[in-house]
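Worksheet: the structure to be examined is printed underneath.
Chain naming here is simple, since letters A, B, ... match the order of the sequence lines and numbering starts at 1 in each.
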Number of protein chains: 2
Amino acid sequence: MKRTVKDIEYTQSSIDLATFAKALGHPTRVEILKHLNKQSCCFTGDLVELLPIAQSTISQHLKELKNAGLIQGELKPPKIKYCINRKNWKKASLLFKDFLE
Amino acid sequence: MKRTVKDIEYTQSSIDLATFAKALGHPTRVEILKHLNKQSCCFTGDLVELLPIAQSTISQHLKELKNAGLIQGELKPPKIKYCINRKNWKKASLLFKDFLE
DNA sequence: CATTTTAATCGTAAAATTACGATTAATCTT
DNA sequence: AAGATTAATCGTAATTTTACGATTAAAATG
């Protein structure tokens, strides 16, 4: 890899769309978001029960969704409650809608 | 990596959504699709001029978009005309719309 | 028929992604 | 205070992605 994405000029909307899309680009993360969207919020533990993958892997996926801005975590010791980030969800919704017409 | 996606049961819509999303998960591919969608079709060469990356890399991205079903190629020797696959574009549009509300 | 044009494919390298188990940190319970 | 619970982080390995230049195949042009 000789060049990084940062060297190239893309429109901000292309970058934003690609970032959201990348986060949605794995079925596990889609399932997480589906579950989260259905009941608005849930704990990591709920997802560990729901999905047949390791707890650490789910944490990793949650981190990616968080980094993309699609979810946010709220401390409810000793648990962590994850919720859809409605502001960015809406932003993504509009971006995809506009892009796909 | 001890487990592959294939071992896990996902809903078909999650897989379809993730597949489309993954294809949209790179700004270069988003730019390609934007350009393609604007004028409906174009040749590989147009994209090579448009984007500051190697021809082989663009071919690779086109292949991915084709594999995801978002575009299709038509032989216009010695060129190849790429167009949005409207059927699947519509499918993606509905999937994302439904998913993001 | 030789040359040029077009775009895919090959070979390769660097980086990112995905997965796991083990460990850790924080908080709650006894 | 000791132990249990929860979920992030660490370390690691396999795989995939992204990028490049070089080569190849197919068709058009001279």
Touch class at under 4.0 angstrom, heavy-atom based, for B:Lys66 against every strand present: nothing
B:Trp89/A:Phe99 aromatic ring centres below 6.0 Å: yes
Below 4.0 Å: OP1/OP2 of C:dT17 and any side-chain N or O of A:Lys22: yes
Distance below 4.0 Å between B:Thr57 side-chain N/O and D:dC20 OP1 or OP2: yes
Contact under 4.0 Å: A:Lys63 side-chain N or O vs D:dA7 OP1/OP2: no
Phosphate-side-chain proximity, B:Thr44 and C:dT6, N/O vs OP1/OP2 below 4.0 Å: no
Pair of N/O donor and acceptor under 3.5 Å linking C:dA8 base with B:Gln60 side chain: no
Distance below 4.0 Å between A:His61 side-chain N/O and C:dT17 OP1 or OP2: no
Within-4.5 Å side-chain heavy-atom neighbours: A:Gln72 and A:Lys66: no
A:Val48 or B:Leu75, whichever maps to the more 5' nucleotide of DNA chain D: A:Val48
Closest listed nucleotide, where the reference is the side chain of A:Ser59 and the choices are D:dT9, C:dT18, D:dT18: D:dT9
Below 4.0 Å: OP1/OP2 of C:dT6 and any side-chain N or O of B:Tyr82: no
Residue closer to the 5' end of DNA chain C, A:Gly25 versus B:Leu62 (nearest nucleotide): B:Leu62
